[in-house]
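Before any comments, here is the structure.
Counting convention: from 1, in listed order, for ligands and their atoms alike.
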Amino acid sequence: MKIKTRLFLLCAALLAWVESFATNSSYLGLMPQPRSVELSGGVFAYNPSQVVVAESWIDDYVSEYLHSGCGRVAIVIKQDGGLRLPAEGYELVVSTEGIVLRGVDRAGVINGFHTLLQLFPAEIYSSSLDSACEIPCLRIVDWPEYSYRGQHLDVARTYSSVEQIKEFVSHIAHHKLNHLHLHLTDDEGWRVEILSHPELTDVAAYRGGDSPIWPIYGAFDQRYGGYYTQSELRELVEYAAQRGVTIVPEIDLPGHSLAIGKVHPEILCPVERDNSASAGYDRRNVWCVSREENYALLEDILVELCDIFPSEYIHIGGDEVDTSLWRDCPHCLALYNQKGMTSRSELHSYFMLRLMDILAKQGRKAAMWNEAAESGLIPHSVRMHGWEGVEECRTVAEAGYKTIVMPGPYFYFDMRQSKEDDGHNWAGVVTTKKCYSVDLSKFGYSSLAKGNVEGFSGAFWSELYVTHKDKYENYLEYQTFPRICALSEVCWLPQQMREWSDFERRLEQHKLRMDSMGVSYRKGEPTSPTGRQITPGLKVTTSLPMSRDNALEKLSAYANDYGYRTKRTCHEGDWILYEFAGTLKKGTTVQLTTGYRHVARGLFPSGVVEVSADGITFTDYAPLNNGSCTIRLNGPTRAIRLRSTRTGNGDSYVFVQYPVIRVE
Ligand code: ACM
Ligand code: ZN
C-alpha cells in the first residue's frame, strides 16, 4: 500500500473516532435513551435569571423544577401539532442561544420535558435549580415505540397513603411511563370509597384484630389498613395527568373478592365448604354469577368508579377464579344449563360480559387479565393484560386482543432480585438484566401478535410490604427500581436499539438522578448472613399432620428450601420440634422459619421459640416475628421447639422448614 493511501486511511479512521466520540450521547446517561441525539458542539449557559416560557397547561409542573427569572427568554416549551412526528413525539433543540422544546401533542411536550430535566444537573430533582450550569448543544428527536408504558401497584394487600402513591407516580413519570394500573381491591382489602355503599370501606378497608378479614400476610394482632376517599382519588388522577400518567383503576372480579364477601356474604355462591383445615375461616372469594342482585351492586360500584377515573379502560380483573364454587352452586348450575353452556369458562365470560355492558353504558372499555380470554367469548374490544408468562401474553395477542405484556418472570417486581433477596419466587429470580432482555421476536411472537402488543407493564403486588416495612427504607422502591429503568427502555426503544452494556453504563449516571429524586433503589446485592452453614444430625417432628408422607424425613435431611405443607392450619399449642444428634454450641446462630421462607404466609402468626439443653426441659427463648426468628444460642442446646400461640393463619396450611444453622 502506498504511503499516501495509508496516511489517508489513518486520517479517516481518526476522524471517524473523533466523530463517534462527539456524537455519542451515552455520557449523558439519559433514561430511557432517546431515539436520536445529535450533539452539535458547544454549550448553552443556563442561569436562573433567564425566562422560561411554557404552555399554560404545563406551566405549574415546569415551575416545580425551573423558576422563571426576569432576564431574557431562554427556554421555550410548546405544543406544535405541525411537527411531523408520531404521537407523543418531541423535538428538543439546545443551542448556544437557548432551548426550544416542541411536542407534537401534550404527551410529547411532557415526554420532552422529562428528557430536558435529565440534561440539567441531578439536583434539579431535589430543588429547583438556583445556580448556573452548562448544557451541551444538541438536537433530540424522539418518540416512544409503545403507547402503553405501565406500572401496576397493588394498594389492596398493603394500603399506601395518597402521598406515597403520588411520589411513586412522580418517579415513574420521570421514566416516561404513562400508565399507573391501580389495583384497588382484593381478598385482603377494599380501598375505594363507594358513596352508595359506605359499608365497603367501613369494614373491608381493614383487616387483622377484630376485623372479619384475617390477615394472610403479616401483622396478625393489629387491625390495620385504610382507604381512599373519592376526593383524594380525584386529586390523585389530576396529579398523575399533570405528569402524563393515566390511572387505570382495577376492581378485581369475580375472584379475589374475599374482602367484599365478608361485608356482603350474600354475593357468594351459597355453597357449604369444609373449613376445618383453615380453623373455620371461610375463604370463599368468588361472586355468584347467577344472583341478579349482584349486578345491581356491581353497577353501583362501577358507575362511581367511572365517575372518579376518566380513563378509557377500567380493569375488572378476571384472574385466578376458583370455579369449583360455581360447579357446586345450584343457581350457577341452573344458569349453566339454561344457557346451554359447555364449560365453566362460559360462566366466567357471562359475568365479565355483564360488567362490560355496565361499563359500555358509561362509555368505557374493559381491561382484563389473560384468563378471561380462555372461553373465546370475550370481544376483541377488551384489552388483555397477560401476566402468567410470555406464552399466555402471546396467546391473547395472537387471538387478536390488544395486549399489555407483563409476564411474571420478567416484569413482576414482587419477585426477588437475587436468591438472597426477599420476595416471591413463583416466577423465579427477576434481575434488572432479565427485565431488559424482553424480546418479542425471541419469544416467538408473530407479526400479528407483535402488532397487537400495546406495551409493557411492571407489577408490584404488595403482600410482602407489611412484613418488610421496618427492614427497608422503602420496600416499594427497593423492589421496583432500577427494574423500572429497564422496563422504561423496553417500552420506549425499538428492540434493535436496545443494548444492555450501554444501558448499564447509563444507569450508573442515572442513579445520581434517582438519588436526587429520593428513590430508595436497590443499590447492590444484599449482605449474606455471616458464618458457615452446618447441618448437624437432625430429627424434625410436629403436632401438625403433613401433606406428604416423607416430608419430615426430607426436612431432617435439610432437603427442599421451600419447606413442606401441612394438612391444616395451626392451632394454639401446635409445635414443631427440632432435635439434634449432638449438642449445638453456645454462640451458634439458628434461623427458624414457619411459612414460606421469603413470604410471610402459611406461618404461625404468633408463637414462641423454646430451647432445651437436654432435649426434655424447654424454656421460652424469643417470640416469633412474622413466623420467624433468628436466635444466637446462649448455652449448649439439644433441641429447639416452635410453639404456636394462635389458632388460624388465614390459610388451610402451614409450611414447615428445616432450621438454618451457622457457626462463626
Ligand atoms: C395476577 O397476578 N393474579 C394477575
Ligand atoms: Zn352461584
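In this model, no donor atom of one side chain and acceptor atom of the other lie less than 3.5 Å apart for Asp414 and Gln479. Side chain to side chain, Lys450 and Ser441 meet the donor-acceptor criterion of an N or O pair below 3.5 Å.
Under the ring pair (Phe, Tyr, Trp, His ring centres under 6.0 Å) rule, His181 has a single partner from Phe411, Trp369, Phe456, which is Trp369.
Atoms SG of Cys332 and SG of Cys288, as seen from the Zn ion (ligand 2), are separated by an angle of 100°, to the nearest 10°. Seen from the Zn ion (ligand 2), atom SG on Cys269 and atom SG on Cys329 lie at an angle near 110° (rounded to 10 degrees).
Arg565 forms no cation-pi arrangement with Phe655, by the criterion of a distance under 6.0 Å to the ring centre and an angle within 45° of the ring axis.
In terms of polar-atom proximity, defined here as any N/O pair under 3.5 Å, His256 makes no such contact with ligand 1. Of the N or O atoms in Tyr412, one or more lie within a sub-3.5 Å distance of an N or O in ligand 1. Between Trp387 and ligand 1, not a single N/O pair is under 3.5 Å apart.
Among protein heavy atoms, the minimum distance from atom 3 (N) of ligand 1 is reached at Asp319 OD2, 2.6 Å.
Other residues, nucleotides and ligands place more than 12 heavy atoms under 6.0 Å from the CD atom of Gln338.
Taking the charged nitrogens against the carboxylate oxygens, Lys166 and Glu235 do have a contact shorter than 4.0 Å, which makes a salt bridge.
Per-residue contacts place Trp369 under 4.0 angstrom from the following atoms of ligand 1 (heavy atoms of the residue considered): 4 (C).
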